[in-house]
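Written below as structure tokens is the structure these notes are about.
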Amino acid sequence: MVSRSLLCLYAFVLFSLATADFSAALSPYFYNKVCPKALPTIKRVIEAAVQKEKRMGASLLRLHFHDCFVNGCDASILLDATSTIDSEKNAGANANSARGFNVVDDIKSEVDKVCGRPVVSCADILAVAARDSVVALGGPSWTVQLGRRDSTTASRTDANNNIPSPFMDLPALITRFSNQGLDTKDLVALSGGHVIGFSQCNFFKNRIYNESNIDPAFARARQSTCPPNGGDTKLAPLDPTAARFDTGYFTNLVKRRGLLHSDQALFNGGSTDTLVKTYSRNFGAFSADFAKSMVKMGNIKPLTGKKGQIRVNCRKVN
């Protein structure tokens, strides 16, 4: 005869199984059955966009980063402002600098076409687009976990409070990353995303005119295109080979040629100096750690199961 304690244990297990949210786990195979053409379609659109404009790869990588740091990877950054949505596009880190929204629109249109209906979330599109953009520029690939759903809200305030600033010192950067469950290695590896792309003059003007931890020749070169007054939207490469995923970003930091204050903060006599040196000499180590950190970042508070929605238009709530 089964004891009362065993019956209680059995009942508890059944209850736990019944109430467990198995859909909460992301999976790389999420679209294999419902739309096997989804990922190849995203890759095709990304390759065409990056071929047309190399800078677009960095812009799409940045969108995913800025999305995940604001209440998780839920495509909230894509929502336009409405009477009820204070768009993250208007936050300090995104206003007049976040770009690539039209490419996301193109991807969404093409994916929905091959799938026959809206089954791929905008949040998953951002995650896959970031990976495919890096690969298109010669960087590493990684297995993207899938199954995110899209938010129905956005927060400009949270974007201003959570996204790391280009003016931050190392302790503040470590704190911002730690708040997202990311450690110091993630900070350095993900900052390596600056190996591609450009920055606007207003984000590095103070560094090139007023900071001492900077190579004088590098400062003069940047001053030639970024005047002390005006010219705030003029662009400069974050890395000398801004269209190729390599180790140039870290090599620059060792030479005191980091463009942003937050870049050079990673190599300024602090706890991250050794890792920066390692990455500057070892592309394999950087690539491997970057890929791991991208997966980790992509798993920040995803909406799954019945939470959120699959947006028909990435720019607005259904």
Side-chain angles (χ1 to χ4, degrees), residues 21-50 52 56 59-91 94-95 98-133 144-156 158-159 297-318:
D21 184 7
F22 289 106
S23 61
L26 301 179
S27 166
Y29 313 110
F30 191 83
Y31 297 110
N32 280 17
K33 290 185 178 180
V34 293
C35 189
K37 294 182 180 180
L39 268 61
T41 300
I42 296 175
K43 182 179 180 181
R44 172 173 57 80
V45 178
I46 289 297
E47 288 177 343
V50 174
K52 182 178 180 180
M56 186 55 67
S59 297
L60 292 168
L61 174 62
R62 187 170 183 256
L63 278 185
H64 181 45
F65 180 92
H66 283 203
D67 179 44
C68 291
F69 265 67
V70 185
N71 301 316
C73 309
D74 59 5
S76 58
I77 193 173
L78 302 179
L79 289 170
D80 288 338
T82 68
S83 59
T84 59
I85 292 178
D86 193 8
S87 179
E88 293 166 23
K89 294 178 180 180
N90 297 323
N94 298 323
R99 58 196 299 275
F101 300 108
N102 290 336
V103 175
V104 174
D105 292 339
D106 292 342
I107 294 171
K108 178 65 172 170
S109 176
E110 290 299 308
V111 167
D112 285 355
K113 189 184 302 180
V114 299
C115 295
R117 58 194 174 95
V119 295
V120 180
S121 68
C122 302
D124 276 348
I125 286 175
L126 285 179
V128 177
R131 188 268 311 274
D132 290 350
S133 293
V144 179
Q145 300 295 313
L146 302 165
R148 301 168 191 79
R149 288 169 65 85
D150 302 323
S151 69
T152 56
T153 60
S155 176
R156 178 172 59 163
D158 287 341
M297 185 187 76
N299 289 345
I300 297 175
K301 295 187 293 186
L303 297 174
T304 57
K306 295 182 179 179
K307 298 175 182 177
Q309 60 183 212
I310 305 299
R311 286 191 220 134
V312 175
N313 182 334
C314 289
R315 295 173 181 262
K316 60 184 182 180
V317 175
N318 293 346

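Summarising the geometry, atom CD1 belonging to Ile85 is positioned 12.0 Å from atom CG belonging to Asn90; distances are rounded to the nearest 0.5 Å. The line from CZ of Phe65 to CD1 of Ile300 is 8.5 Å long, rounded to the nearest 0.5 Å. The CG atom of Asn299 sits 9.0 Å away from atom SG of Cys68, with the distance rounded to the nearest 0.5 Å. Note: Asp112 CG to Ile310 CD1 = 10.0 Å, rounded to the nearest 0.5 Å. Taking CZ from Phe69 and CD1 from Ile77, the interatomic distance works out to 12.0 Å, rounded to the nearest 0.5 Å.
Residues Val128 and Leu146 are in side-chain contact: their nearest non-hydrogen atoms beyond the backbone lie under 4.5 Å apart. Put simply, the side chain of Cys115 does not reach to within 4.5 Å of the side chain of Val34, judged on heavy atoms. Taking 4.5 Å as the limit, some side-chain heavy atom of His64 sits within range of a side-chain heavy atom of Met297.
Contact detail for Ala98 and Leu63: the closest heavy-atom pair is CB-CD2, 4.2 Å. Shortest non-hydrogen contact noted between Ile42 and Ala129 is CG2-N, 4.3 Å. Closest non-hydrogen pair, Val312 versus Pro118, comes out as CG2-CG, 4.1 Å. Gln309 approaches Asn318 most closely through the heavy-atom pair OE1-N, 2.8 Å. Residues Glu88 and Ser76 come closest through the heavy atom pair OE2-OG, 2.8 Å. Closest heavy-atom contact between Asp105 and Arg315: OD2-NE, 2.7 Å.
Between the side chains of Arg99 and Ser59, at least one donor N or O lies within less than 3.5 Å of an accepting N or O. Checked by atom type, the side-chain pair Glu110/Thr41 shows no donor-acceptor distance below 3.5 Å. In summary, the side chains of Ser151 and Arg311 do present a donor paired with an acceptor at a separation below 3.5 Å, with no hydrogens or angles considered.
The closest donor-acceptor contact from the side chain of Lys301 to the backbone of Cys73 lies at 3.5 Å or more, if one exists at all. In terms of modelled atom types and a separation under 3.5 Å, the side chain of Asp124 and the main chain of Gly147 share a donor-acceptor contact. Although no hydrogens or angles enter the test, the distance criterion places a donor-acceptor pair under 3.5 Å between the side chain of Ser87 and the main chain of Leu79. Remark: side-chain polar atoms of Asp86 are not paired, donor with acceptor, to backbone N or O of Ser155 under 3.5 angstrom. A donor-acceptor contact shorter than 3.5 Å is absent between the side chain of Arg149 and the backbone of Ser121.
Of the candidates Leu303, Leu26, Asp74, Arg148 forms a side-chain contact (heavy atoms from CB on, under 4.5 Å) with just one, namely Leu26. Exactly one residue among Leu60, Leu61, Val104, Asp150 makes a side-chain contact (heavy atoms from CB on, under 4.5 Å) with Leu126. That residue is Val104. No option in Glu47, Lys43, Arg44 other than Lys43 meets the side-chain contact (heavy atoms from CB on, under 4.5 Å) test with Asp132.
Asp80 has no carboxylate O lying under 4.0 Å from a charged side-chain N of Lys316, or vice versa, which leaves the two without a salt bridge.
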